[in-house]
A.B. asks: 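Can you read through this structure? Questions will come right after.
In listed order, ligands and their atoms are each counted from 1.
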Amino acid sequence: MYDFKIAAADTATLYSDLASALEGLVSGEPDPIANMANAAALIWESLPDLNWAGFYRNLGGELVLGPFQGRPACIRIKFGSGVCGTAASTLQPQRVQDVNAFPGHIACDSASASELVVPIVRDGQLLAVLDLDSPHTGRFTEEDEAGCVRLAEILARVLRDASSTGSAAPQDER
Ligand code: SME
């Protein structure tokens, strides 16, 4: 088990520590599901006030539920639909202070009040979206968005084609 003990005093340091931990977790591991699973667990353990943290993968132009932490969630989301589908179709992060005010928001869990969705893009292609939900309105700040964009950039380098189910052996032994 990895134990990163990320509990920074300020948000910038928190995301910096989180980015370093994520780099360490995914380096040398080619399997996209393993990397998304560890990323979801790391984010869930490190960021306060979340009720869901995880991924939807781009499988042939449809978002399909990937590794996550939290309650069971909607499995398939069309591009352009809800917060995740909007992030997928625009390739832009979506930071929603009040999900009830977002047209078409998909309420997988009625406890969710605010949401941050960041697309994971490589060479202009959407691989997946990172989705964070909070039970508190206005939970996500610009700093959260910038921090999660940085995490998405790290993942974009290792996820490659998230629809791939095969995985070669890791590049190094751990
Ligand atoms: N609320 C999202 C759906 C995914 S769940 O939050 C896990 C949306 O509107 O796209």
A.B. asks: We want to know whether Asp109 and Ser112 form a side-chain donor-acceptor pair, criterion being a heavy-atom distance below 3.5 angstrom.
C.D. replies: no
A.B. asks: Around atom 5 (S) of ligand 1, find the nearest protein heavy atom and jot down its residue, atom name and distance.
C.D. replies: Cys108 SG, 3.3 Å
A.B. asks: Side chain or backbone, does Cys84 bring an N or O within less than 3.5 Å of an N or O on ligand 1?
C.D. replies: yes
A.B. asks: Looking at Ser134, is its backbone amide N or carbonyl O close enough to the side chain of Asn51 to form a donor-acceptor pair, meaning the two atoms are under 3.5 Å apart?
C.D. replies: yes
A.B. asks: Does Asp144 pair with Arg95 as a salt bridge, N-O distance under 4.0 Å?
C.D. replies: no
A.B. asks: Just checking Gln69: does its CD atom have more than 12 heavy atoms from other residues, nucleotides or ligands closer to it than 6.0 angstrom?
C.D. replies: yes
A.B. asks: How long is the gap from CD1 on Ile120 to CZ on Phe55, to the nearest 0.5 Å?
C.D. replies: 5.0 Å
A.B. asks: Is Glu115 close to ligand 1, meaning an N/O of one under 3.5 Å from an N/O of the other?
C.D. replies: yes
A.B. asks: Taking heavy atoms and a distance under 4.0 Å, where does Val99 meet ligand 1: side chain, backbone, both or neither?
C.D. replies: neither
A.B. asks: What part of Tyr56, side chain, backbone, both or neither, has a heavy atom within less than 4.0 angstrom of ligand 1?
C.D. replies: side chain
A.B. asks: When rounded to the nearest 0.5 angstrom, what distance separates CG in Leu59 from CG in Leu65?
C.D. replies: 10.5 Å
A.B. asks: Side chain, backbone, both or neither: which part of Ile106 has a heavy atom under 4.0 Å from ligand 1?
C.D. replies: both
A.B. asks: Which protein heavy atom lies closest to atom 8 (C) of ligand 1, and at what distance to 0.1 Å?
C.D. replies: Val83 N, 3.4 Å
A.B. asks: Side chain of Ser81, backbone of Ile77: donor and acceptor closer than 3.5 Å?
C.D. replies: no
A.B. asks: Starting from atom 6 (O) of ligand 1, what is the nearest protein heavy atom, named by residue and atom, and what distance separates them?
C.D. replies: Asp133 OD2, 2.7 Å
A.B. asks: Which pair of non-hydrogen atoms, one from Val96 and one from Ser114, has the smallest distance, and what is that distance?
C.D. replies: O-CB, 3.2 Å
A.B. asks: Using a strict 4.0 Å cut-off to heavy atoms of Trp52, name the atoms of ligand 1 that fall inside it.
C.D. replies: 7 (C)
A.B. asks: What residue and atom, counting heavy atoms only, is the protein's closest point to atom 4 (C) of ligand 1, and at what distance?
C.D. replies: Asp131 OD2, 3.4 Å
A.B. asks: Which atoms from ligand 1 have a heavy atom of Gly82 less than 4.0 Å away?
C.D. replies: 9 (O), 10 (O)
A.B. asks: Counting from 1, what ligand 1 atoms have a heavy atom of His105 closer than 4.0 Å?
C.D. replies: 1 (N), 9 (O)
